[in-house]
Trainee: 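Encoded as structure tokens, here's the structure I'll be asking about.
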Amino acid sequence: MKKVYLNQKFNKKELDATHFDSLSSLAAALEDGSTVYISPGVYWTDDYKDPTPANTPEHPQLVGITFKQQNISFIGVTKVASDVVIAGNRGHTLGSRGNWSVIGLSSGFKAENITFGNYCNFDLVYERDPMQNVEKRSSNLVQAQTICGNGDRYCFINCSFVGFLNLMADFEPKRAYFKDCTFQLTNNAIANGATNVFENCVFNIYGTYLSNHGSSDICAFFGCSFVNQDKRFKTLYFSKSGGAWALIDVDFNGGYKNIEWEFAPTGKNINYLHNVTLNKKEVHVSKSNPFISTILNANTLVAYKNNKEYNSLNLLAGEDNWNPNNIVSNVIYPYKSIFEVNYEGNCIEIKAVITRNNNEKFNFIYDINLLEEVAKTNSSITLKQLHNFLLKPVSIPIEAISNNIVMSTSVIVSPSSSFVPTFLKPPVIKYKANFLILSYKLSNSKLVDASNITWYRSKTNKLDDATVVASSKVTSAQAYRLSMADVNYYIIASISPKYEHHKNGELQEVYYNNLISASQVGKLIDPDFSTIEIFKTTDYQDNNWYMKVAKMPESFEIDELDVHEDAFTYKQGTSYAHLGVYGLIATSQFGHLFYYKKYARDMKLVLNLLPNKTGSQGFGAAPQYLDVFFKYDFESKCGYALRIKRITANVAADKSVQCSLIKLVNNKSILISQRQLTSAFVGNCTITIETKSHLVKATLTSDKKQTDVQKDLKLLTKIEFSTSIAENSFGSCGLYFAGTTGANSILVKNFKISYN
């Protein structure tokens with residue numbers, strides 16, 4: 001093992017093959033397997049004074065410096081982590097075009113007595129030498145990461161990791177061990193990769209969830225403390241969705257009221273608890289969902305703790321018997337278990353999977369009145385579904401016991417016979433107040449109607465010449481709201497009668513025999529996005545809804561991250577502000593949703609939008625934005641828009657958005673109003689835009705109250721614009737979403753239009 005020394009105070013005469021004064025010179029010369037002893041000081045991984053953003057031709061890397069050498073060790077010589085600081089201060093849009101990490105590390109890396117810090121969003125204060133203090137780039141909270149790597153066998157002892165958002169989001173180890181470490185973090189911070197073990201660590205938390213998706217194998221916390229440093233947050237989530245967790249001798253404090261495994265639970269893993277307290281009182285994590293939590297007993301605890309010793313070897317040994325903590329325990333025991341459930345025909349295969357020895361023998365317990373054993377191995381069972389006379393699927397609990405580990409799941413037993421509906425009253429189309437309603441009555445009123453209904457528009461009153469305009473998707477399409485696009489067309493409906501969980505009946509076609517007249521169509525355009533067809537064709541026709549994915553000229557400075565075929569998809573939200581709400585969710589970056597109308601005089605738009613970001617910043621990163629365009633023409637690419645944009649380099653940037661009115665000329669913007677900061681683009685946000693001749697009025701409000709910080713910053717709770725515009729005859733309006741999707745998306749709940 002080669003010993004190497006790093007000291008920023010070495011003079012040039014002292015520098016040689018084992019003595020270095022910078023990380024860059026060290027990285028160029030270090031050999032595999034070396035141990036580096038580091039003297040106190042602040043060691044920058046790139047030139048933080050360089051104004052050139054990272055991830056550009058002049059500064060190409062998204063990592064300050066990468067050590068490709070394997071099995072190297074960094075040891076701070078004073079045993080005080082804050083004495084040796086490995087530092088960077090870049091973040092997304094603040095010194096970097098993309099998510100930037102301070103240092104990249106390879107397999108076998110070990111660190112002791114070191115601080116890894118990204119000082120993009122807070123000041124570097126170095127007490128040993130104030131001359132090395134560095135002011136933060138900005139108070140605007142952006143993705144600013146510390147370590148990254150995807151190798152194996154990482155070990156950190158008495159280290160500190162300081163940052164805020166995305167602290168270690170790109171650190172995805174196969175195995176990693178942290179002992180006596182401290183962490184300063186907000187969201188998307190830790191526990192990615194396969195296996196992470198934290199022992200006697202302290203987490204100072206300024207956010208709501210620790211990880212994006214959690215560890216795929218296991219993330220265990222032994223003797224750790226989680227401290228809420230932002231009293232606004234009352235619930236802590238371990239991940240947005242996913243992960244497998246174990247908490248042994250863990251305490252949560254600082255004002256938390258609830259602890260949850262996941263924001264949007266998948267139910268795929270069982271998580272383990274022993275001696276977990278919230279403000280010094282025993283707590284059961286995710287108490288409302290008990291099936292995904294198991295309290296370990298004396299027999300099963302040895303997988304994680306043997307007598308007084310935490311059994312990190314059991315979790316980290318792998319095939320090479322890696323033992324970073326040099327523990328003496330020789331207890332190798334199953335520490336994680338899941339079920340794999342597969343349905344095939346009338347049979348259900350249930351496989352119990354445990355980490356350590358998948359040949360363990362399981363005892364399966366199930367309802368013998370509804371399930372019958374067909375085949376069995378040590379760790380799996382195949383069950384045949386028996387009679388279920390309830391006429392709907394039932395959830396049957398299954399338990400498997402091995403070595404005192406009890407796993408539980410449930411399987412779905414389908415009805416034993418299928419009921420095909422018939423019509424007691426045949427379907428007919430009736431007109432009522434701007435709607436066509438398919439009226440019918442099925443034979444069995446006790447079963448849930450799940451009939452598939454499709455509406456067509458036809459010039460000839462023939463189905464083979466018709467265009468689909470609405471259908472049953474998430475909800476029933478029994479009622480179809482007429483639009484101006486239907487005037488002088490015939491409307492046809494088809495229905496395939498069906499009971500929920502049963503087979504379809506025979507398809508029937510129903511015709512509304514009269515051409516639709518203008519008097520049958522209401523003036524208000526209030527689409528039911530759950531059923532109507534949103535066209536993708538570029539053959540635009542008046543009074544229809546369209547969507548497309550196309551990058552606009554002013555979006556080219558935005559990173560292209562998640563472009564998909566469908567710009568918007570109607571579905572139920574699963575996280576943050578969308579949870580449980582149905583609507584059109586932006587499912588592609590650079591997605592357009594618009595109502596096409598060639599000519600119009602004046603218009604009024606009323607939109608209800610739910611941004612997925614809960615901090616009022618609207619989007620995943622600056623300079624992403626949303627345009628609500630009006631009085632727009634697709635041929636000339638001209639019109640107007642209300643622009644809602646996430647900004648940077650402002651103390652309120654992560655707590656507000658910037659709003660302005662713009663004029664579009666060939667899809668390039670010209671500012672026609674003042675720019676205003678508001679906290680109202682959050683919760684259920686209402687946007688109203690109304691034009692009258694040469695005047696436009698626009699407002700933006702929210703049903704969510706401001707935080708105390710937003711009040712202190714005097715952010716507007718309502719945006720109001722009133723300005724003159726050049727009159728035009730353009731009639732189209734819609735949305736352009738230049739943001740990232742998923743956790744950063746928006747949901748369109750309503751989009752109402754009226755023309756004068």
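Only heavy atoms go into these numbers, but all of them, side chains included; no hydrogens, no water, no symmetry mates. In this text, all values refer to a predicted model and were calculated from it rather than measured experimentally.
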Trainee: Any side-chain heavy atom of Asn271 within less than 4.5 Å of one from Val285?
Mentor: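 No; the side chains remain at least 4.5 Å from each other.
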Trainee: For the side chain of Ser239 and the backbone of Gly242, is there at least one donor-acceptor N/O pair under 3.5 Å apart?
Mentor: yes
Trainee: Give a yes or no answer on whether the side chain of Ser679 reaches the backbone of Leu715 with a donor-acceptor pair at less than 3.5 Å.
Mentor: no
Trainee: Checking Tyr625 now: which residues fulfil ring pair (Phe, Tyr, Trp, His ring centres under 6.0 Å) with it, not counting sequence neighbours?
Mentor: Tyr736
Trainee: Once salt bridge (Lys or Arg N to Asp or Glu O under 4.0 Å) is applied, do any residues pair with Asp83, and if so which ones, sequence neighbours excluded?
Mentor: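 Asp83 satisfies salt bridge (Lys or Arg N to Asp or Glu O under 4.0 Å) with Arg128 once adjacent residues are dropped.
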Trainee: Any salt bridge between Lys240 and Glu262, counting N to O under 4.0 Å?
Mentor: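 Glu262 and Lys240: not salt-bridged.
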Trainee: Using a 4.5 Å cut-off on heavy atoms from C-beta on, say whether the side chain of Val36 contacts that of Leu30.
Mentor: yes
Trainee: Can Asp47 and Lys49 be counted as an ion pair, charged N to O under 4.0 angstrom?
Mentor: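 Answer for the salt bridge query: no.
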Trainee: Suppose we screen for ring pair (Phe, Tyr, Trp, His ring centres under 6.0 Å). Which residues come up paired with Phe233, at least two apart in sequence or across chains?
Mentor: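 For Phe233, no residue satisfies ring pair (Phe, Tyr, Trp, His ring centres under 6.0 Å) once neighbours in sequence are set aside.
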Trainee: Quick one: does Tyr237's side chain get under 4.5 Å of Leu210's, heavy atoms only?
Mentor: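 Side-chain contact under 4.5 Å: no.
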Trainee: Determine whether a donor-acceptor pair (N or O, by modelled atom type, separation under 3.5 Å) exists between the side chain of Asp123 and the backbone of Lys136.
Mentor: yes
Trainee: Within a strict 4.5 Å, meaning less than it, do heavy atoms of the Asp16 and Thr18 side chains meet?
Mentor: yes
Trainee: Just grab all the ring pair (Phe, Tyr, Trp, His ring centres under 6.0 Å) pairs involving residues 128-154, residues at least two apart or on different chains.
Mentor: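 Non-adjacent pairs meeting ring pair (Phe, Tyr, Trp, His ring centres under 6.0 Å): Tyr154-Phe171.
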Trainee: Any donor and acceptor pair, going by atom type alone, linking the side chain of Gln184 with main-chain N or O of Gly163 inside 3.5 Å?
Mentor: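 Flag set: sc Gln184 to bb Gly163 pair under 3.5 Å.
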Trainee: Taking Gly620's backbone N and O only, do any of them form a donor-acceptor pair with Gln143's side chain (distance below 3.5 Å, no angle check)?
Mentor: yes
Trainee: Regarding Asp654 and Arg646, does a basic nitrogen lie under 4.0 Å from an acidic carboxylate oxygen?
Mentor: no
Trainee: Ignoring hydrogens and angles, tell me if any N or O in the side chain of Gln617 forms a donor-acceptor pair with the backbone of Val657 under 3.5 Å.
Mentor: no
Trainee: Does the ring centre of Tyr206 sit less than 6.0 Å away from the ring centre of Phe164?
Mentor: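 Ring-ring flag for Phe164/Tyr206: true, centres closer than 6.0 Å.
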Trainee: Side-chain donor-acceptor pair under 3.5 Å between Glu260 and Ser286, yes or no?
Mentor: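 Side chains of Glu260 and Ser286: pair found under 3.5 Å.
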Trainee: Rounded to the nearest 0.5 Å, what's the gap from CD1 on Ile147 to OG on Ser101? Could you check?
Mentor: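 Output value for this atom pair is 9.0 Å.
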Trainee: Without hydrogens or angle criteria, can the side chains of Ser215 and Asn196 be said to hold a donor-acceptor pair below 3.5 Å?
Mentor: yes
Trainee: Run the salt bridge (charged side-chain N to carboxylate O under 4.0 Å, His left out) test on Lys305 and Asp249 for me, step by step, so that the C-alpha distance in whole Å, both residues' side-chain angles and the decisive distance to 0.1 Å come before the verdict.
Mentor: CA-CA 10 Å; Lys305 185 178 182 181; Asp249 302 334; 2.7 Å; yes
Trainee: Does atom NZ of Lys257 have more than 12 heavy-atom neighbours, drawn from other residues, nucleotides or ligands, at distances under 6.0 Å?
Mentor: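 No.
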Trainee: Any side-chain heavy atom of Asn121 within less than 4.5 Å of one from Leu94?
Mentor: yes
Trainee: Is it true that Asn71 and Arg153 share a donor-acceptor pair across their side chains at a distance under 3.5 Å?
Mentor: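 A pair is found: one side chain offers a donor N or O, the other an acceptor, under 3.5 Å apart.
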Trainee: Give a yes-or-no answer on whether the side chains of Asn158 and Asn113 include a donor-acceptor pair shorter than 3.5 Å.
Mentor: yes
Trainee: Assess the side chains of Asn744 and Lys613: does a donor N or O sit below 3.5 Å from an acceptor N or O?
Mentor: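 Side-chain D/A pair, Asn744 to Lys613: present.
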Trainee: Is the shortest heavy-atom distance from the side chain of Ser216 to the side chain of Asn192 under 4.5 Å?
Mentor: no
Trainee: Can you tell me if Asp559 has over 12 outside heavy atoms packed within less than 6.0 Å of its CG?
Mentor: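 Correct, the count exceeds 12.
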Trainee: If only side-chain N and O atoms count, and only distance matters, is there a donor-acceptor pair under 3.5 Å linking Ser616 with Gln710?
Mentor: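 Gln710 vs Ser616: donor-acceptor pair found between side chains.
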Trainee: Would you say Thr741 and Asp562 are linked by a side-chain donor-acceptor pair, where the criterion is simply a distance under 3.5 Å?
Mentor: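 Distance-only check passes for Asp562 and Thr741.
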Trainee: Does a side chain donor of either Glu309 or Asn306 reach within less than 3.5 Å of an acceptor in the other side chain?
Mentor: no
Trainee: Hey, which of Asn323, Asn325, Thr195 is the one that makes side chain to side chain donor-acceptor pair (under 3.5 Å) with Tyr177?
Mentor: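 The residue from Asn323, Asn325, Thr195 that satisfies side chain to side chain donor-acceptor pair (under 3.5 Å) with Tyr177 turns out to be Asn325.
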Trainee: I'd like to check Tyr272 versus Trp245 (side-chain heavy atoms, cut-off strictly below 4.5 Å). Are they in contact?
Mentor: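 Answer no - side chains too far apart.
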Trainee: Is the closest basic N to carboxylate O distance between Arg232 and Asp708 below 4.0 Å?
Mentor: no
Trainee: Return the set of residues passing salt bridge (Lys or Arg N to Asp or Glu O under 4.0 Å) with Asp152 (not counting sequence neighbours), or none when no residue passes.
Mentor: Arg175
Trainee: Any heavy-atom pair between the side chains of His213 and Ser241 that's under 4.5 Å?
Mentor: no
Trainee: Are the aromatic rings of Phe222 and Tyr310 close, with centres under 6.0 Å apart?
Mentor: yes
Trainee: Would you call Lys110 and Glu112 a salt bridge, taking side-chain N to carboxylate O under 4.0 Å as the test?
Mentor: yes
Trainee: Evaluate side chain to side chain donor-acceptor pair (under 3.5 Å) for His59 paired with Asp46, printing each intermediate quantity in order.
Mentor: CA-CA 10 Å; His59 195 139; Asp46 77 343; 3.3 Å; yes
Trainee: Please check if the distance between the ring centroids of Phe619 and Phe681 is under 6.0 Å.
Mentor: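 Phe619 vs Phe681: aromatic centres under 6.0 Å.
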Trainee: May I have all residue pairs that pass ring pair (Phe, Tyr, Trp, His ring centres under 6.0 Å) and include part of residues 180-200, sequence neighbours excluded?
Mentor: Phe161-Phe183, Phe178-Phe183, Phe178-Phe198, Phe183-Phe198, Phe183-Phe203, Phe198-Phe203, Phe198-Phe221
Trainee: Strictly distance-based, threshold 3.5 Å: is any side-chain N or O of Ser96 a donor or acceptor partner for the main-chain N or O of Asn99?
Mentor: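 Between the backbone of Asn99 and the side chain of Ser96 there is no qualifying donor-acceptor contact (under 3.5 Å).
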